[in-house]
2 protein chains.
Amino acid sequence: MQAVLKDSGLKVTTQRCKLLEFLIQVDEQHLTVENIYQGLNAQGKSIGLNTVYRIMAHFEQAGLVVRRQFESENAVYELSGKPRHDHLICLTCGKLIEFADPLIDLRLWLAAERYGMSVDHHSLNIYGHCFDCKKKLESKSGR
Amino acid sequence: MQAVLKDSGLKVTTQRCKLLEFLIQVDEQHLTVENIYQGLNAQGKSIGLNTVYRIMAHFEQAGLVVRRQFESENAVYELSGKPRHDHLICLTCGKLIEFADPLIDLRLWLAAERYGMSVDHHSLNIYGHCFDCKKKLESKSGR
DNA sequence: GTCGGTGCAAATCCTTTGCACCCTC
DNA sequence: GAGGGTGCAAAGGATTTGCACCGAC
């Protein structure tokens, strides 16, 4: 744990260890700062909310986590190192599906190149309705 | 002007007319609420900031404008009706380029379909460095 | 011992809301 | 004249910052 932090060029502190441990332990995509804060405190690991904000900012800079922001929702973080992926989001129930399409990635590259741009990263989110919600919507309105 | 509002099912008021006129007049992509507020007041058209927020929310619901949110920046609006497009954003100078790639759109559709999802809309933003900024970066570090 | 990290509280920023008044239909 | 629209000021929520203290190196 400490080694990970050190290797990332981060100072080792109790809070950072706990936080990182927590991220690995819950291994969930898309945790909000509030989630992390609540989660840690629920486990009796007391930590300040602003500290979570600061640590996550550091972690992001160090490349340990990735920060995402969907439409007008709060920022979420996830451990980096998982393969790159994009998101499908259900507008009704909020379900979140991850997918990856190499062909899309390639086209992005080409599009950027066409305008003389290099690609650092991208964000691609598709909003729609999932199978279950579509069915529910239909049965409600379709009578 | 009034006709447009009426057709969109919106009540016609002086503020809404002025605001819509302004949007058409500056015809710029990606205006923040603050931009609009400042712009209108600079033209002597007094309007409340919260009114701009409320009107833009109505305009969005009515489909007159599209709301976008880039990374952790403030929300921006643009008149809808322009062809669908995605964005290339320079991380250095903030330059914004629009592009469209039908093949990408198609792949998005397919990806959604694979998971049983319908597509309502999507947001695709590519972050990188534009030609000019790349050159500047290289000349700075490359010595 | 120094310097960065942490906690608390207060501040900030964007956005929304409550309420009295005004205007459109 | 009724009901939604507007302005002001105040509330709200997420995130950041100031400052004194603490801990890591």
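The chains referred to below are lettered A, B, ... by the order of the sequence lines, with proteins before strands, and numbering in each begins at 1.
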Please answer whether the main-chain N or O of H129(B) pairs with a side-chain N or O of S118(A) as donor and acceptor at a distance below 3.5 Å. yes
Going by the angle between their ring planes, with limits at 30° and 60°, are F70(B) and H30(B) parallel, tilted or perpendicular? perpendicular
Taking only side-chain nitrogens and oxygens of Q15(A), does any of them come within less than 4.0 Å of OP1 or OP2 of dG7(C)? yes
Within the structure, does a side-chain N or O atom of T13(B) lie under 4.0 Å from either OP1 or OP2 of dT6(D)? yes
Q38(A) and E34(A) side chains, donor-acceptor separation under 3.5 Å: yes
Taking NZ from K18(B) and C1' from dT24(C), how many angstroms apart are they, rounded to a whole number? 15 Å
Regarding H121(A) and R84(A), is there a side-chain donor-to-acceptor distance under 3.5 Å anywhere? no
hbond_proxy R54(A) side chain to dG7(C) base (donor-acceptor, 3.5 Å cutoff): yes
Between the axis at one end of the helix from dG1(C)-dC25(D) to dC25(C)-dG1(D) and the axis at the other (five pairs apiece), what's the angle to 10 degrees? 30°
CG of L5(A) versus C1' of dG4(C): gap in Å, rounded? 15 Å
In terms of hydrophobic clustering (I, L, V, M, F, W, Y; side-chain heavy atoms under 4.5 Å; direct or indirect links), are L64(B) and L40(B) co-clustered? yes
Kindly state which residues belonging to residues 30-52 of chain A come within less than 4.0 angstrom of DNA chain C, counting heavy atoms of the residue only, listed by number. S46(A), I47(A), G48(A), N50(A), T51(A)
Could you state the CD-P distance from E73(B) to dT15(D), rounded to the nearest angstrom? 15 Å
With nearest nucleotide decided by heavy atoms, which residue, V12(A) or Y53(A), maps closer to the 5′ end of DNA chain D? Y53(A)
Nearest whole angstrom, please: distance from the P of dG5(D) to the CG of L19(B). 14 Å
Nearest whole angstrom, please: distance from the P of dT16(D) to the CD1 of I55(A). 14 Å
Think R16(B) has a side-chain N or O under 4.0 angstrom from the OP1 or OP2 of dT6(D)? yes
On DNA chain C, does the nearest nucleotide to N74(B) precede the nearest nucleotide to K11(B) from the 5' side, or the other way round? Give the residue. N74(B)
Specify the separation, in whole Å, of atom CD of Q61(B) and atom P of dG5(D). 11 Å
Starting from the 5' end of DNA chain C, give me the residue, Q69(B) or L10(B), whose nearest nucleotide shows up first. Q69(B)
For K6(A), does its backbone N or O pair with a side-chain atom of K11(A) as donor and acceptor, under 3.5 Å? no
Using side-chain contact (heavy atoms from CB on, under 4.5 Å) as the criterion, point out the one residue from V26(A), V65(A), L79(A) that pairs with L31(A). V26(A)
Got L108(B) and L124(B) here, is their nearest side-chain heavy-atom distance under 4.5 Å? no
Does any part of the side chain of C17(A), heavy atoms only, come nearer than 4.5 Å to the side chain of L5(A), both counted from C-beta? yes
